[in-house]
Amino acid sequence: MDSNRISSGSSAFLIKDDELKKGWYSNFIAFLEKEGFNSWGRKGHFPGINWIYVNLNSKIYAFGIPGVGLTIPVGNHAITKSEFVQIYNIYKKYDTNHPLKMLD
């Protein structure tokens, strides 16, 4: 499986928030990059777009493109930035552990 694809591993979340209209200057983009996520490319950002795909497996993000579904998001629905951060923090704590090892 190509790990540089936004659709890698069926783990792309669709996040919607008006702050994302700032595009590359969004605080959420800064957060993702600080956490080691990389852009799928500078292609596809349209002014006013307020949704983004973020893949936990490949650590790739991509702005939405009007009329184009880049991948099927987890749960077939968008979530908020704060919901994504909660989910991300859960998985982040297990990052270096065996998939079945649980932490207290």
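The figures that follow rest on heavy atoms only: side chains count, while hydrogens, waters and symmetry mates do not. Worth saying up front: this structure is predicted, and the values here are computed from it rather than measured.
Lys34 is linked by a side chain to side chain contact (heavy atoms under 4.5 Å, CB included) to nothing, counting only residues two or more places apart in sequence or in another chain. Taking Asp95 as the reference, nothing meets the side chain to side chain contact (heavy atoms under 4.5 Å, CB included) condition, with sequence neighbours excluded.
Under a hydrophobic-cluster definition in which Ile, Leu, Val, Met, Phe, Trp and Tyr are linked whenever side-chain heavy atoms come within less than 4.5 Å, directly or via other members, Leu20 and Tyr25 are assigned to different clusters.
Atoms CG and OG, on Asn38 and Ser58 in that order, are 9.0 Å from each other to the nearest 0.5 Å. Considering CH2 of Trp40 and CG of Asn55, their distance stands at 11.5 Å, rounded to 0.5 Å. Note that the CG atom of Leu32 and the CD1 atom of Ile52 stand 6.0 Å from one another [nearest 0.5 Å]. Rounding to the nearest 0.5 Å gives a distance of 5.5 Å between CG of Asn50 and NZ of Lys21. Taking NE2 from His77 and CD1 from Ile72, the interatomic distance works out to 15.0 Å, rounded to the nearest 0.5 Å.
Look at Glu35 and Lys92 and you find a salt bridge, because one of the NZ, NE, NH1 or NH2 atoms lies within 4.0 Å of a carboxylate O, short of that distance.
Judged purely by atom type and a 3.5 angstrom limit, Thr71 has no side-chain atom pairing as donor or acceptor with the backbone of Pro73. Between the side chain of Ser11 and the backbone N or O of Asn57 there is at least one donor-acceptor pair closer than 3.5 Å. Glu83 contributes a side-chain N or O that, together with a main-chain N or O of Thr80, makes up a donor-acceptor pair within less than 3.5 Å. With Glu19 contributing its side chain and Asn27 its backbone, the two residues share a donor-acceptor pair below 3.5 Å.
Proximity of Trp51 to Ile49: side-chain heavy atoms (C-beta onward) are separated by under 4.5 Å at one or more points. Residues Glu33 and Tyr61 are in side-chain contact: their nearest non-hydrogen atoms beyond the backbone lie under 4.5 Å apart. Ser82 has its side chain out of reach of Val85: every pair of non-hydrogen atoms, C-beta onward, lies at least 4.5 Å apart.
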Exercise for the section: Could you check Lys81 against Phe31 for side chain to side chain contact (heavy atoms under 4.5 Å, CB included), going step by step and ending with a plain yes or no? Expected result: CA-CA 11 Å; Lys81 285 188 315 182; Phe31 164 78; over 6 Å; no
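Looking at every heavy atom in both residues, Ala78 comes nearest to Lys16 through CB-CB, 4.1 Å.
Ring centroid separation for the pair Phe63 and Trp24 comes in under the 6.0 Å cut-off.
Shown are Leu14, Ile15, Ile60; of these, the side-chain contact (heavy atoms from CB on, under 4.5 Å) with Tyr53 is made only by Leu14.
Ring pair Phe28/Phe84 is perpendicular by interplanar angle, where above 60° counts as perpendicular and below 30° as parallel.
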